[in-house]
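Keep in mind the model is a prediction, meaning the values are calculated, not measured. By convention in this document, chain letters (A, B, ...) are assigned in the order of the sequence lines, proteins followed by strands, and residues within each chain are numbered from 1.
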Amino acid sequence: MSTEIPSTGENDVAATPFGLLAEFETVEALVRAAERVRDEGYTRWDSYAPFAVHGLDEAMGLDRTGLPRIVFLAGLTGCIFGLVLQWWTNGVNYPFVISGKPLFGLPVAIPIAFEMTILFAAFGALLGMLGLNGLPRLHHPLFKSERFRRATTDRFFIAIEASDPIFDAQDTRRLLEDVGSVAVEEVEA
Amino acid sequence: MIRDGSPNRFLFPKWTNLLRPGIVIAAVGGLVYVTVIVTFGFSPKTINVGYKPQQPVPFSHRLHAGELGMDCRYCHNTVERTARAAIPPTQTCMNCHASVRTKSEKLTPVFQSYATGMPVEWVRVHDLPDYVYFNHSIHVDRGVPCVACHGRIDTMDEVRQVQPLSMGWCLDCHRAPEKYLRPPALVTKMDWQPDGDQMALGRQLRKTYHINPSTDCITCHR
Amino acid sequence: MSSMSQTTSGPRYWRSLDDLAQTPEFQEMVGREFPGEIWESIPPATRRQFLKVMGASIALAGLTACRWPAEEIVPFAHRPKGSDPGVPKQYATVMELGGAAQGLLVTSYDGRPIKVEGNPNHPDSLGAASAFAQAAILGIYDPDRSRSLVHRQQGQEFAKTWADFKAFAAEHFATYQKRRGRGLAVLAEPSSSPTLARLRARLLEAFPEAVWAEHTPCANTSEPEGVARLFGRRLRPVLHLDRARVVACFAADPIYDHPSALRHARGYAQARRPEAGEQMMRLYAAEPTYSLTGGIADERVAVAPSALPALILALVRELTSVHGLSLDGVDAATLSRAVPPAGSERFVRLLARDLAANRGRALLVAGAGAAAEVHVLVQALNAALGCVGTTVDYIADPDAESPAPESIAGLTRSLRAGQVSTLIILGGNPVYDAPADLGLAKLLDGVPTSIHLSGYKDETSRRCTWHVPAAHFLEAWGDARSWDGTLSVAQPLIEPLYDGRSAIELVATILGDDLANGYDLVRATMRGMAPAGAGFEQLWHDSLNNGVVAETASEPVRTSPRPAAVGAAIAAAAAPPAQAGQTGLELQLVPDRKVYDGRFANSGWLQELPDPITKVTWDNALLLSVADAGRLGVKTDDLVRVEAAGAHVELPAYVLPGQADGVATVSLGYGREAAGVVGDSVGANTYRLRTTAAPHVVMGARLTPTGRQHKLACTQDHHAIDAVGFEARVHRLPELVRETTLDSYLADPEVIQHEAHHAPLFSLWKERTYEGDQWGMAIDLNSCIGCNACVIACQAENNIPVVGREQVINGREMQWIRVDRYFRGEPETASMSFQPVPCMQCEDAPCEEVCPVAATQHTADGLNAMVYNRCVGTRYCSNNCPYKVRRFNFFNYHEHVSGVQKMMYNPDVTVRSRGVMEKCTYCIQRIEEARITAKKEGRPIRNGEIVTACQQTCPSQAIVFGNLNDSESEVAKLRENNRAYAMLAELNVRPRTHYLARLRNPGGPAAAENKETA
Amino acid sequence: MSEPAVDVSGLDNTWDDPTQRAPLILGGHDLASVTDAIAGIVERPQPPKAWWIAFSIASLGTITLFAMVAYLLWVGIGVWGVMIPVGWGFAIVNFVFWVGIGHAGTLISAILFLLRQKWRTSINRFAEAMTIFAVVCAGLFPAIHVGRAWFAYWLFPIPNQMRMWPNFRSPLLWDVFAVSTYATVSLLFWYMGMIPDLATLRDRARTKLRQIVYGVLALGWRASNRHWHRFEMAYLLLAALATPLVLSVHSVVSFDFAVAILPGWHSTLFPPYFVAGAIFSGFAMVLTVIIPARQYFGLKEVITIRHLENMAKILLATGLMVAISYATEFFMAWYSGNPFESFALLNRALGPYAWAFAIMITCNVIVPQVFWFRSMRRNLWVLWIGSILVNVGMWFERFVIVVSSLSRDFLPSSWGYYKPTAVDLLTLAGSFGLFFTLFLLFLRFLPMVGIAEVKSVMPQAHLDLGEHAGQGDYHGEISYQHVYPYVEKEEDDS
């Protein structure tokens, strides 16, 4: 988790632009460009594609996400909750004699404990994902770019944020241009 | 699609990014709110406690049970024998009022009833649902004081409900009667206080009288 | 006696409930949960059959959330001495049916009767009560009861008051005084009431030329006649089944259709206890159709009524010739020609053998259906076998000395002759139930003044110029004698709800008596009979308290049969039966086991009570033998047109195993037109087929299938069954309803335990041990006679609703305890088994584990509790109940409330709302009551202190309830009995209710192999 | 971008040439055109007439359903045919049926995902939607079938003044938890999968309203790869969670019967038997719905014959499983030697409900056999009719299990015959109305095919061979793509 790089733009200064946006036409171009940007050592940048491009993660050098840990913990909580709920309500708080059976039996408790595990874990997965991705976030500087609308259809982009420590208006633009982009534009914050 | 110059896209204003914290707060806050409303708003404590209907005769328990110090059982004389602590017949009132306050305006319904034989129509204050079968005699017999359920009647001018009379409330006592038990002889003593520790006394009484109240459903529901 | 004062102020006390039901809030709330209009959208038939009964509690029970409307407490102004509000009291009284009294104890709650039990002090009750008596509670609160006097002039009705009637009576009967009562006639129901007898005497004194006739449709007239012929005087046989070792019934049902039925049932059970160590009684029955007696008989043969004389003759012959019984007046020649009817040879042979072997311990009984000569021979044999004084006593008919009343036939003759100008009808419903050939209805129109005293504005009332409402027997003072002559005083439990008067009060009014109220009348009679001088008040008090007047049972009289009579009877019996119209069948008309002669037609409880034999509710069916049905090509439910005595009726057929060939049986009492909401047009009126000449059996009835159908509402459907189901039933029965023969039982007392074997049972968890009081029940199938008394007792005790014909057809009947009836053997000769099935209170109850809201769970004392107010109605528990003893409120069966009927409810039992499961809990309210009392008195619950409703009323004491952990309790002992078994034990649900296997006592090797069947 | 070596301009992608891999998307689509094809359906101003007709019929059904439910709550359970001994009738039958229908959705989206069955991408969105609507229909019945529906909330462990808790030993309670969990998780899964497509719709939207609505629904998704990275993981995890869940749900449903002691119910066979049946009926329902849908919305190139044929094969396979279950039931009944059990089964086949049993066998065992033949599998009419028949058969399977077992249990005296009432029938019909209403709304307003997912299996989604030869920084999927271009080895029909 520590290595997660929150992709935010909150701390942008109004004067400075958000960053530079480069458009690509093919997966290959995107991946190749990504590798370059990665190798240049940029940290506050991201690439965009209408679908999950295999290999792009490696190309960008992303670490494994901590989502599984969240989900596991959520699931564990659910399981314990399910068991305790059944044990306490039927076994401790108001015990009934039902069909002469013991007040609490593990086999009987399994189905509900299981369902609770799944339920909690599932919420963990969705909310965890949204949380780590900083979603929902309806406003974002990139949405100002008309070009960027095709990011969800058939075009591929790389955006390097101005807030990146080694960002330099000219160098970065040059870099983006010669990694095979079809267009590079500046996106204001 | 986009290529055929469609209008500029709608940009959500920046403040919409407060949506995320907003949702979280709303979710948590809403949960708390509902819980609070349900636990306190709908509980019998809120709904039923304090119910104080208007009675045909402004009979004052404070005066009779309190100042005059009449025993509950003088009027509610069936409480030790039967399930109900019967509302006394007009007769009982007249035992005294034949000679006391015979001119009182307030008592006209009583005098009329006595004369005509038509009953005085009191309004029930402590009204359990009809599927609850509560038996006064056994509780009184085991040393559950009147005050435990009816409160300090001897301080009320008009009787009002002071306990929720909810199932959970009944269970509290059925699970731990020692909190309320006292020597059966003293059940009607409204202001009685144990010399020592109530719990100690209660536990001791439980032992001597073998008081193990049942929490089976059929104890109260049939 | 406090009952009077209590009831006087009573009615005001319970107004509170009604008031509550009238308050707008209540109405509104009821509206919210059970909206009335919706019934418009339900098929009218369904709606019509819903019974409109419920207590205010129900709507409240449905709503826990909101604060219910203000409830008023309405205390007495003057509380009666010794009465605590909310504490039930019991009062002794009697119910008269068919001219004999049945002693009752009636529970009164705050001044309103809510439950009828038997009176242990009464010789003909012994603590039991018949279904009829139990249902009286529903009857008294019936909103259809007549509420006012009616005077009819030129077809117009005018409501009148008693004052009006008094005035009218005063001057009207004054005129008859002058004419010495010429033109005055009274038609009464036969009664054993001394007071009525006294008043009748006085009436005939005041009006010497008046006619006093009596009529009741279902009386056994042939027995008194036969007895009179034999002994030359009016005697009444009192039977002692308990002393008999051999009992033979000829078209008789002594344990059900007899004034002493309850006592007989008790005697039967006592004589059948193998534990008693004595020789077990053997019961023979020869009858045209199944009766309860036939159902429990060891040897039964189906014979047509017309064949009965031949059967008796054959028996007499066998006894005299083979067993050397000497019977004076026997004409050997005639006898030698006697041959037993086809199929009954074995029966006759065995019966004769047993009778001869048990002289002095035998008993023969014939029923109303049997001809007088049969009765003569039956009683003659009783005498010849030396049974008089042991198994049968003859007592003088209590009203033997008073002149015999005119018959209804005689009365109609004088009506036709126009000799009657004023006819007073004291109860009864002759227009409906008089023999059809008399045409009474028409004649009645010709009578200038006719006064009908009746609880309902019934068929007769509608044709009389005056209708006067009768008081229910629980509303009136009176007196009556039991079959053995014991006198009882009937005291009212409540003031007349609808301003009714009793018969004696009416007669007194007519006589212009100044003391025209029942209380004084009865006391006057008692005074007359009381031993002279002091102690009358004491006697009076004791009589009311005990329900019987001490030492009033009639003494047996010494008597001897007249040989001439025997000879005549044999001659008559030998005469070829009058086979009028050889073509048709013999149509047997019998009183119904539920509505009797029709007087109970408006009782929902009785209408919905499954007939013990056919399990049919809400209808009377045409019972046919398998062969006859085949011949006619009809199945059960097919409508058949029955033509007899120049009239015709359409009835649904019911193919009954064990029905005699050539005999069709229908019950009377249905097809009422003026019974009330419940009873109107239920079934078909078979009185139309009845004539004075042939009241019981109509020869040459013609049956023709109509091709149409009428679905019979059976609670146990045994007919539309396929091969698969049939086979399964055949295999299961021997294990479910276990029985064996006495011989094999004596040979191996453990034989019952070996009848079923299953894999060893073990639990996946440690079974809990049950300390303290642990309730259990044992039902002795050897004693059960299947009489249904328990069913009604339970219905009354537990506020069980009536659901109506449609719902029964849908399989939604509500009775908590049912009596399963199975047939075994070939359809022609099938034998019958009864098995009462209440909730088994399983220790590992399968219903409990499946309830998602824990609405049914186990109590500390081992009961399978059902918490109505917790139930959400998933019906899962019922699905998982192997005994299917749970009942569900598919609708709000207490929809429409009549203020009066709310009073009937047992306040100690919740009235269940719609959508709630309900079932037997061993009368938990009684257990709780006893528990609390015991605690207050600081003692354990006594053995036998708690009695369940079904157990209390069971005539043969087949049901035993008690504490299984108390080795002294009878139930604990019975559990150890080697006849005891648990039904479906292999399921390991550990039922708390066990059965004791039935022992059959056949006279010889079974004719046919005992193969189970339906 | 290189074209597949075979001509795919035609619509036949069902050849079985081992050297060639059949493409999953036909008609030579590129990323843009495929987006047009799918998103276009939602964007066109007017749906086809067929949609309107279907919708008006369906919503009529929905109205009937609600009318029936209102009537039921007003009057009482008695308006149904249920009685003693048959305490459960249509309500529970419908419940089990609808839950079963749901399963195919989860199966296609989750299990096939884990099995890397890429052909799922064209149909999984569709199937998931079906799951949710089916569960909605299913969830209705347990709620209304109780006698006092207004107290149905007592089935949930809510603290209350009575201090009462539900009885956790009751299978019915397990049901409550299982089904509600299932509904929730399916909804999450469905929605999450849809987020990128909602973003697509947002970005393509012309009207402000659409932009706002889809914008909000898309939660501001901007196709960032850092997001995709976690998204994929979350999707994988949800799939991994949904798989055991879907198996558990119908197992729990089967416990309602298996845990009871009733002959014909009390059987350890039920869980697998029910799950197989559920998948069977679920796939049948997918076919029933998808065949007309692809027809009318011009998606023949995305949902190809191959997809349909694969489903037909699954139908055949699960059909056989069900058949084996039936056989096993009878065998066990006989083998156990338990007279009650053997009677229950005998009664099922030959008793009063033999007719229902016959329908069940015909539709569930005999009908699927036609799918042994390829020509039949590819004949849309046969497929469609067949799938409908299977649905009928599966409904009757539940009817047979519930009703025939209840109608004749231990004591012959309490046997009875259950007949449904008009209300029963109308309620069943109405539930279909509700199902299709929701479904048609889905087709109208949401992308019925996962656009992003479809793209990911298109040639354009994959790196070209050679260009990165020697660069060792590809592993996993990528490097493996180098070896077999466009050939997903792990994709292997059924």
For Phe343(D), is the NZ or CZ atom of Arg732(C) found under 6.0 angstrom from the centre of its six-membered ring and inside 45 degrees of the ring axis?
yes
Within the distance-only criterion (no hydrogens, no angle test), does the side chain of Arg875(C) pair as donor or acceptor with the backbone N or O of His145(D) below 3.5 angstrom?
yes
Find the distance between CZ (Phe888(C)) and CE (Met83(D)) and round it off to the nearest 0.5 Å.
14.0 Å
Contact leader toward chain C among Trp415(D), Trp265(D), Tyr417(D), Trp80(D), where contacts are heavy-atom pairs under 4.5 Å:
Trp415(D)
Residues at least two apart in sequence or cross-chain that pass side chain to side chain donor-acceptor pair (under 3.5 Å) with Thr874(C), listed by chain then number, are none
Arg148(D) and Val916(C): which non-hydrogen atoms are nearest, and at how many Å?
NE-CG2, 3.6 Å
Engaged part of Phe255(D) at the chain C interface, taking heavy atoms whose separation is under 4.5 Å:
backbone
CG/Asp820(C) to OG/Ser414(D) distance, rounded to the nearest 0.5 angstrom?
7.0 Å
Among Ser878(C), Pro846(C), Ala728(C), Gly725(C), residue most engaged with chain D (heavy-atom pairs, under 4.5 Å):
Gly725(C)
Positions in residues 87-96 of chain D that reach chain C, provided some heavy atom is under 4.5 Å away
Gly87(D), Trp88(D)
Option that, when pairs with chain C are counted at under 4.5 Å, heavy atom only, ranks first among Pro166(D), Gly78(D), Pro85(D), Ala149(D):
Gly78(D)
What is the minimum heavy-atom distance between Ala260(D) and Asn880(C), and which atoms define it?
CB-OD1, 3.1 Å
Would you mind telling me which of Gly351(D), Pro352(D), Pro171(D) has the largest number of heavy-atom pairs within less than 4.5 Å of chain C?
Pro171(D)
Who pairs with Glu755(C) by side-chain contact (heavy atoms from CB on, under 4.5 Å), at least two apart in sequence or on another chain?
Arg738(C), Thr740(C), Ile752(C)
Pairs touching residues 333-345 of chain D that satisfy side chain to side chain donor-acceptor pair (under 3.5 Å), sequence neighbours left out:
none
Looking at every heavy atom in both Cys881(C) and Asp409(D), which two are closest together, and how far apart are they?
O-OD2, 3.7 Å
Please determine, among Arg870(C), Gln835(C), Glu849(C), the option with the most heavy-atom pairs under 4.5 Å with chain D.
Arg870(C)
Among Ala854(C), Cys877(C), Cys851(C), the residue with the most heavy-atom pairs under 4.5 Å to chain D is Cys851(C)
I need the Ser413(D) OG to Tyr822(C) OH distance, nearest 0.5 Å.
3.5 Å
Look only at the side chain of Tyr883(C) and the backbone of Phe410(D), and say whether a donor-acceptor pair between them is shorter than 3.5 Å.
no
Between Leu411(D) and Arg818(C) the two heavy atoms that sit nearest each other are CD1-NH2, 3.5 Å
If one checks every heavy atom of Glu848(C) against chain D at 4.5 Å, the contacting part turns out to be backbone
Derivation and outcome, side-chain contact (heavy atoms from CB on, under 4.5 Å), residues Phe890(C) and Val79(D)
CA-CA 8 Å; Phe890(C) 286 93; Val79(D) 302; over 6 Å; no
Tell me, out of Leu173(D), Val86(D), Ile77(D), who's got the most heavy-atom pairs with chain C below 4.5 Å.
Ile77(D)
Result of checking Arg812(C), Arg887(C), Arg886(C) against Ile84(D) for side-chain contact (heavy atoms from CB on, under 4.5 Å)
Arg887(C)
With only heavy atoms counted, which part of Val82(D) is less than 4.5 Å from chain C, the side chain, the backbone, both or neither?
both
With only heavy atoms counted, which part of Asp175(D) is less than 4.5 Å from chain C, the side chain, the backbone, both or neither?
neither
Given heavy-atom pairs under 4.5 angstrom as the criterion, report whether the side chain, backbone, both or neither of Phe340(D) touches chain C.
both
Nearest heavy-atom contact between Leu155(D) and Pro852(C) is CG-CB, 4.0 Å
To check you understand the geometry: which heavy-atom pair defines the closest contact between Pro882(C) and Ile261(D), and what is its length?
CG-CD1, 3.7 Å
